[in-house]
*Asks:* 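Here it is: the structure, laid out below.
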Amino acid sequence: MAANLLEVNNLKTYFYTRGGVVKAVDDVTFAMKPGETLGVVGESGCGKSVTALSVMRLVANPPGKIIAGEINFNGENILEKSQNELTDIRGSKMSMIFQDPMTSLNPVFSVGYQIAETVKRHRKDVSNDQSWRRAVEMLDLVRIPDAKKRAKSYPHEFSGGMRQRVMIAIALACNPQLLIADEPTTALDVTIQAQVLELMKGLSQEFGTAVMMITHDLGVVAGTCQNVNVMYAGHIVESAPVQQIFQTPAHPYTIGLLQSIPRVDEVRGARLTPIAGQPPDLTNPPAGCPYAARCPRVQNRCRQERPELMSVGRGNQIAACFYPN
Ligand SMILES: Nc1ncnc2c1ncn2[C@@H]1O[C@H](COP(=O)(O)OP(=O)(O)O)[C@@H](O)[C@H]1O
Ligand code: SF4
Ligand SMILES: [Mg+2]
């Protein structure tokens, strides 16, 4: 079996705010193989972005702090890297794209220049000419029509979907081993969303890039990911190959999420049921299972003890639940 590309062990990332300590990521453990596509899903505020930012070492400090755990990337401990080493790793070995490309693109430089600069920052031996050619090549790869000419355009001259393609071009320009995409298509309309996801999937296969796809939308992971981590209140509550998440979900929260999204394999008009209630306050999480207050299967034990991730007896499927499906 191939060695892991990324190993996150018992990660805790907390925010120290006036309102108290927000336990945004609380004891999270998972791994990714080279080339693997992993979906990270869960309702807003459950710790998806903070998990990703922790891996990139981009958590704002203060108020945020990684207070415990290990993050190993290619066998190297990311938590021990200096700022210089991190700058080197980011962009060349792991890169991240965000929901809103406008916040990441610089409005005063052409998109070609911005891709070329990323290449030059990480490849000292590359000439201006070579890096510009790489920029055009990348724009072509992400299917920007007339890439040679469009490389000279500025971010505001592109549509939302095209800007997200530019971000993907920047993120992949140095051929990273890991791409983290944080809600990359949430701001786009459905048709463009599908095109951008299809493109990312194709490129990751072509280059063997591992992709961590963060989304609140289970529908997005169905077509794009091999494995899925379901997060709830700062914890991973279920992890499994994507087919099992959809066919035999084990955790009541995963079941709740599935019942709240439209499914192509169901009769049209089947009723969607949103999960009642709210996730717990992360400054004061409950002692037992974090899902207890909303769970239709709750028992006494659930309110006293927190369930750890454990096998549910179906291959690689694990869930943090005393009474899994
Ligand atoms: N800079 C911050 N200061 C305080 N709390 C934060 C900060 N960033 C995130 N959080 C909190 O951490 C928790 C997880 O956030 P996040 O990872 O962004 O959720 P999501 O799953 O929607 O990406 C939330 O409760 C959020 O309010
Ligand atoms: S441990 Fe109990 S409360 Fe938590 S998800 Fe399982 S059944 Fe529900
Ligand atoms: Mg987020």
Side-chain angles (χ1 to χ4, degrees), residues 37-44 48-49 52 95-105 107 110-112 114-115 135-173 179-207 209-228 230 242-243 245-247 257-274:
T37 46
L38 172 73
V40 179
V41 299
E43 288 163 296
S44 177
K48 304 182 297 294
S49 295
S95 53
M96 186 160 174
I97 53 178
F98 300 90
Q99 178 175 337
D100 179 9
M102 250 347 221
T103 56
S104 322
L105 287 168
S110 71
V111 299
Q114 296 186 53
I115 303 173
V136 173
E137 183 193 8
M138 286 310 298
L139 288 173
D140 204 38
L141 264 177
V142 297
R143 318 249 196 297
I144 302 271
D146 203 4
K148 211 166 172 175
K149 192 160 144 243
R150 293 296 270 163
K152 296 183 190 128
S153 303
Y154 292 83
H156 72 267
E157 298 174 84
F158 289 84
S159 66
M162 287 291 166
R163 281 201 287 265
Q164 200 53 290
R165 284 165 195 259
V166 171
M167 283 314 300
I168 295 171
I170 292 177
L172 294 180
L179 171 66
I180 302 181
D182 192 354
E183 311 258 3
T185 57
T186 303
L188 307 174
D189 76 49
V190 181
T191 324
I192 309 290
Q193 237 186 67
Q195 290 169 3
V196 170
L197 289 173
E198 203 48 46
L199 174 75
M200 281 187 57
K201 189 175 157 188
L203 291 176
S204 74
Q205 275 166 3
E206 196 174 328
F207 295 121
T209 318
V211 179
M212 188 191 301
M213 173 71 71
I214 297 177
T215 173
H216 63 275
D217 184 352
L218 258 175
V220 163
V221 303
T224 46
C225 300
Q226 295 163 326
N227 297 306
V228 181
V230 180
V242 70
Q243 303 88 326
I245 290 287
F246 283 88
Q247 284 161 18
L257 281 181
L258 285 166
Q259 284 166 348
S260 64
I261 60 161
R263 298 192 50 178
V264 281
D265 56 347
E266 256 164 30
V267 206
R268 202 186 276 232
R271 251 206 307 161
L272 299 179
T273 337

*Asks:* For a quick test of reading the model, state the closest non-hydrogen atom pair linking A151 to V136 and the distance between them.
*Replies:*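 In this case the closest contact between A151 and V136 is CB-CG2, 4.0 Å.
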*Asks:* Got a sec, which residues hit side chain to side chain contact (heavy atoms under 4.5 Å, CB included) with Q205, two or more places apart in sequence or on another chain?
*Replies:*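 Testing Q205 for side chain to side chain contact (heavy atoms under 4.5 Å, CB included), a comparison that skips the adjacent residues, returns K201.
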*Asks:* Given side-chain contact (heavy atoms from CB on, under 4.5 Å), test T37 with M213 step by step and report yes or no.
*Replies:* CA-CA 7 Å; T37 46; M213 173 71 71; over 6 Å; no
*Asks:* Not counting sequence neighbours, which residues clear side-chain hydrogen bond (donor to acceptor under 3.5 Å, both in side chains) with Q193? List them please.
*Replies:*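 Not a single residue meets the side-chain hydrogen bond (donor to acceptor under 3.5 Å, both in side chains) criterion with Q193.
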*Asks:* Table please: side-chain donor-acceptor pairs of residues 156-163 below 3.5 Å, with sequence neighbours left out.
*Replies:*
from : atom 1 : to   : atom 2 : distance (Å)
E157 : OE2    : Y154 : N      : 2.7
S159 : OG     : M162 : N      : 3.3
R163 : NH1    : P155 : O      : 3.4
R163 : NH1    : F158 : O      : 2.9

*Asks:* Who are the side chain to side chain contact (heavy atoms under 4.5 Å, CB included) partners of S260, not counting sequence neighbours?
*Replies:*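 S260: no side chain to side chain contact (heavy atoms under 4.5 Å, CB included) contacts found.
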*Asks:* Kindly write out the residues that satisfy side chain to side chain contact (heavy atoms under 4.5 Å, CB included) with S49, not counting sequence neighbours, or none if the list is empty.
*Replies:*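 Checked S49 against side chain to side chain contact (heavy atoms under 4.5 Å, CB included); matches are D182.
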*Asks:* Could you go step by step and tell me if M200 and V211 meet the side-chain contact (heavy atoms from CB on, under 4.5 Å) rule?
*Replies:* CA-CA 9 Å; M200 281 187 57; V211 179; 4.1 Å; yes
*Asks:* Please test I245 against L218 for side-chain contact (heavy atoms from CB on, under 4.5 Å), starting from the C-alpha separation and ending with a verdict.
*Replies:* CA-CA 10 Å; I245 290 287; L218 258 175; 4.2 Å; yes
*Asks:* Donor-acceptor pair, distance only, cut-off 3.5 Å: does the side chain of K48 make one with the backbone of G42?
*Replies:*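 It does hold such a pair.
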*Asks:* Partners of Q114 by side-chain hydrogen bond (donor to acceptor under 3.5 Å, both in side chains), sequence neighbours excluded?
*Replies:*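 Applying side-chain hydrogen bond (donor to acceptor under 3.5 Å, both in side chains) to Q114 gives none.
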*Asks:* Give the C-alpha distance, both sets of side-chain angles, the deciding distance and a yes or no for side-chain contact (heavy atoms from CB on, under 4.5 Å) between F246 and V228.
*Replies:* CA-CA 10 Å; F246 283 88; V228 181; 5.6 Å; no
*Asks:* Donor-acceptor pair, distance only, cut-off 3.5 Å: does the side chain of Q164 make one with the backbone of P184?
*Replies:*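 Answer holds: yes.
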*Asks:* Only counting residues at least two apart or in another chain, list the ones meeting side chain to side chain contact (heavy atoms under 4.5 Å, CB included) with F98.
*Replies:*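 Once residues adjacent in sequence are excluded, the partners of F98 under the side chain to side chain contact (heavy atoms under 4.5 Å, CB included) criterion are L53, M96, S104.
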*Asks:* Could you pull out all residues at least two apart from R150 that satisfy side-chain hydrogen bond (donor to acceptor under 3.5 Å, both in side chains)?
*Replies:*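 Scan of R150 (side-chain hydrogen bond (donor to acceptor under 3.5 Å, both in side chains), adjacent residues dropped) gives S153.
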*Asks:* At what distance, to the nearest 0.5 angstrom, does CG of L272 lie from CG of L258?
*Replies:*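 Result: 11.5 Å between the selected atoms.
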*Asks:* Just jot down the salt bridge (charged side-chain N to carboxylate O under 4.0 Å, His left out) partners of E183, sequence neighbours excluded, or say none.
*Replies:*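 Residues passing salt bridge (charged side-chain N to carboxylate O under 4.0 Å, His left out) with E183: none at all.
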